[in-house]
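Okay, so here's the structure we're looking at.
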Amino acid sequence: MSASEVQTKVEWVDTVCWNGHKYILDQDFGEAEADEKLGEVSFSLVGSEEENNPTYQLKDGEATFASPGSAIQSVAGIPVEEAILVEDNVYTTREE
């Protein structure tokens, strides 16, 4: 079996990239209230032709799991640089 025949299964972390920041799903965040709409998800990695590309780098507006067209919103009372809300899930810039 040659290297080109090896199937790679990439395990992606639930991530959204926005405004130069990488946000990771924070299941421990608790309740959050949406504030203003900042934009929307333009591309979802999982289910795309890039899903099994381990070197793919998300660009602004892209997500690993959130659906294209999903609103990216700020979280009331929290700076956008720290947290965003997508599909009722809070994503924070905490370290992985």
Side-chain angles (χ1 to χ4, degrees):
M1 184 181 272
S2 71
S4 64
E5 293 174 305
V6 174
Q7 288 292 315
T8 304
K9 176 69 175 143
V10 181
E11 293 292 326
W12 293 102
V13 173
D14 195 344
T15 306
V16 177
C17 285
W18 183 253
N19 205 22
H21 297 283
K22 179 179 172 185
Y23 298 87
I24 301 162
L25 178 64
D26 190 340
Q27 295 178 316
D28 299 324
F29 192 87
E31 290 293 312
E33 183 182 334
D35 196 12
E36 63 181 275
K37 182 176 178 181
L38 305 170
E40 57 185 46
V41 175
S42 61
F43 173 80
S44 183
L45 181 63
V46 173
S48 77
E49 60 201 25
E50 296 291 348
E51 181 176 356
N52 291 317
N53 176 357
T55 61
Y56 187 81
Q57 296 291 313
L58 289 174
K59 299 169 199 67
D60 268 2
E62 296 184 349
T64 50
F65 293 96
S67 302
S70 298
I72 298 171
Q73 299 169 290
S74 57
V75 178
I78 299 175
V80 172
E81 296 78 27
E82 294 177 19
I84 57 173
L85 191 68
V86 180
E87 296 180 341
D88 294 324
N89 294 309
V90 175
Y91 292 78
T92 61
T93 54
R94 64 181 164 72
E95 295 302 311
E96 288 182 58

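Since this is a predicted model, take the numbers as computed values, not measurements. Residue numbers run from 1 in the order of the sequence given.
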| request: Look up atom CD in E50 and atom CG in N52, then write down how far apart they are to the nearest 0.5 Å. | output: 10.0 Å
| field | Residue pair Y23, V90: steps toward the side chain to side chain contact (heavy atoms under 4.5 Å, CB included) verdict | value | CA-CA 9 Å; Y23 298 87; V90 175; over 6 Å; no
| field | Exercise: identify the closest heavy-atom pair between T93 and H21 | value | CG2-CB, 4.1 Å
| query | In Å and rounded to the nearest 0.5 Å, what is the CG to CG distance from N89 to D14? | reply | 7.0 Å
| query | Do Y56 and V46 belong together in a cluster built from hydrophobic side chains that touch within less than 4.5 Å? | reply | yes
| request: Find out whether S44 and P68 are in side-chain contact, i.e. whether some heavy atom of one side chain is under 4.5 Å from a heavy atom of the other. | output: yes
| field | Check: K59 main-chain N/O paired with E62 side-chain donor or acceptor under 3.5 Å | value | yes
| query | Among the clusters formed by ILVMFWY side chains lying less than 4.5 Å apart, do L85 and Y91 turn up in the same one? | reply | no
| said: Using 0.5 Å steps for rounding, measure from the CG atom of L25 to the OG1 atom of T15. | reply: 8.5 Å
| query | Applying the side chain to side chain contact (heavy atoms under 4.5 Å, CB included) test to T64, which of V16, I24, L58 qualifies? | reply | L58
| request: Determine yes or no for a side-chain-to-main-chain donor-acceptor pair under 3.5 angstrom, with E87 supplying the side chain and S70 the backbone. | output: no
Which pairs of donor and acceptor atoms, one on a side chain in residues 28-43, lie under 3.5 Å apart (sequence neighbours left out)?
| from | atom 1 | to | atom 2 | distance (Å) |
| --- | --- | --- | --- | --- |
| K37 | NZ | E40 | OE1 | 3.3 |
| S42 | OG | G61 | O | 3.3 |

